[in-house]
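What follows is one structure encoded as structure tokens, with my remarks underneath.
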There are 2 protein chains.
Amino acid sequence: MQPETQRASVTTPTEREIRIERVFNASRERVWLAMTDPDLVAQWWGRGNKLVIERLEVQRGGHWRFVEHSREGMDGFEGRYREVKQPERLVHTFEWDGMPGYVAIETITLEALPDGRTRVINTSLFHTTEERDGMLKSGMEQGLNESYAALDKLLATVS
Amino acid sequence: MQPETQRASVTTPTEREIRIERVFNASRERVWLAMTDPDLVAQWWGRGNKLVIERLEVQRGGHWRFVEHSREGMDGFEGRYREVKQPERLVHTFEWDGMPGYVAIETITLEALPDGRTRVINTSLFHTTEERDGMLKSGMEQGLNESYAALDKLLATVS
């Protein structure tokens, strides 16, 4: 039997937000590292696709840019860091090349649980409800669960 | 007597927007050129300060980045084009290095008036009312009027 894969909780707390919650079986420091070290990000963010980390400047004002290479072609994603508070809080912008100039603000908080696991809460704020709903309909949730399953595997190997 | 300088109309049509309206004494094509040609932008956008145009890729998905050099130091501004419809409409993001990750969407429309002048309407949409109000309190209106006065002068010379 395959182990059951945990699904992230996806909710819409306000008309312009998406909130994602997921628990990972690793310490907050390890989850933080997996989210900010380019060699580690490249191993899970692309859900098995090749991911080129062009920029990952994890500091206030720093830019990030990832390019995912799949059978269908290339997809670029980029943004800029607004806030970096290691190991508990990251705020950055998120933009997909396919819809340039449409920018969401992603706030990621990492909460250390008493049992050694880590709760990750990711809230995205959009400029309009239509943009938020477009993201929900884009297959985001499936992609997200694939990325997080890949992150589970990575966290199980780097102990 | 100094000629009277026209002031831009600045209003807040919704709780997250700023709307700026101004008429320029030049054709729409000339105003468009002054807003999209790097050599011309460098002559008015910085209000008399040296302006380095690092990027100005006026096409959907293209990036722009300007650095203003003043006595107080350097100020960087950047963003990305969402929509480019020459000579009537530009939509791009706007971000100041001093507040990285705080992104407004600027929509600029150029309306050709029957008398040969051009009405420019610039609407900025912010993620929150607080960000919008922060921009209003930043001295934006004075800087804007200085830029537009410099643009008037430029438009009077390139006929």
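Numbered from 1 within each chain, the chains take letters A, B, ... in sequence-line order. Excluded from the calculations below are hydrogen atoms, water molecules and symmetry mates; all remaining heavy atoms, backbone and side chain alike, are included.
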* To do: Using non-hydrogen atoms and a 4.5 Å limit, figure out which bit of B/Glu106 sits close to chain A: side chain, backbone, both or neither.
  => neither
* Asked: Is there a path from A/Trp96 to A/Met74 through hydrophobic residues (I, L, V, M, F, W, Y) whose side chains come within less than 4.5 Å of each other?
  -> no
* CG (A/Asp97) with more than 12 external heavy atoms under 6.0 Å -> yes
* So what's closer than 4.5 Å to chain A heavy atoms on B/Glu83: side chain, backbone, both or neither? -> neither
* To do: With a 4.5 angstrom heavy-atom cut-off, could you sort out which part of A/His127 is near chain B: side chain, backbone, both or neither?
  => both
* Is there a path of hydrophobic side-chain contacts, each under 4.5 Å between heavy atoms of I, L, V, M, F, W or Y residues, that connects A/Trp64 with A/Ile53? -> yes
* To do: Find the one option among B/Val91, B/Ile105, B/Thr93 whose heavy-atom pairs under 4.5 Å with chain A are most numerous.
  => B/Ile105
* Structure fact -> Heaviest contributor of heavy-atom pairs below 4.5 Å to chain A, chosen from B/Glu78, B/His63, B/His92, B/Met99, is B/Glu78
* To do: Could you tell me whether A/Asn25 atom CG has more than 12 heavy atoms of other residues or ligands within 6.0 Å of it?
  => no
* Taking B/Gly62, B/Gly61, B/Gly101 one by one, which has the highest count of heavy-atom pairs under 4.5 Å against chain A? -> B/Gly101
* Where on A/Tyr102 is there a heavy atom nearer than 4.5 Å to chain B: the side chain, the backbone, both, or neither? -> both
* Which pair of heavy atoms, one from A/Arg60 and one from B/Gly98, lies closest together, and at what distance? -> NH2-O, 3.0 Å
* Check the surroundings of atom CD in B/Gln142: do more than 12 heavy atoms from other residues, nucleotides or ligands lie under 6.0 Å from it? => no
* **Hydrophobic cluster identity match, A/Met35 and A/Val23, side-chain contacts under 4.5 Å** => no
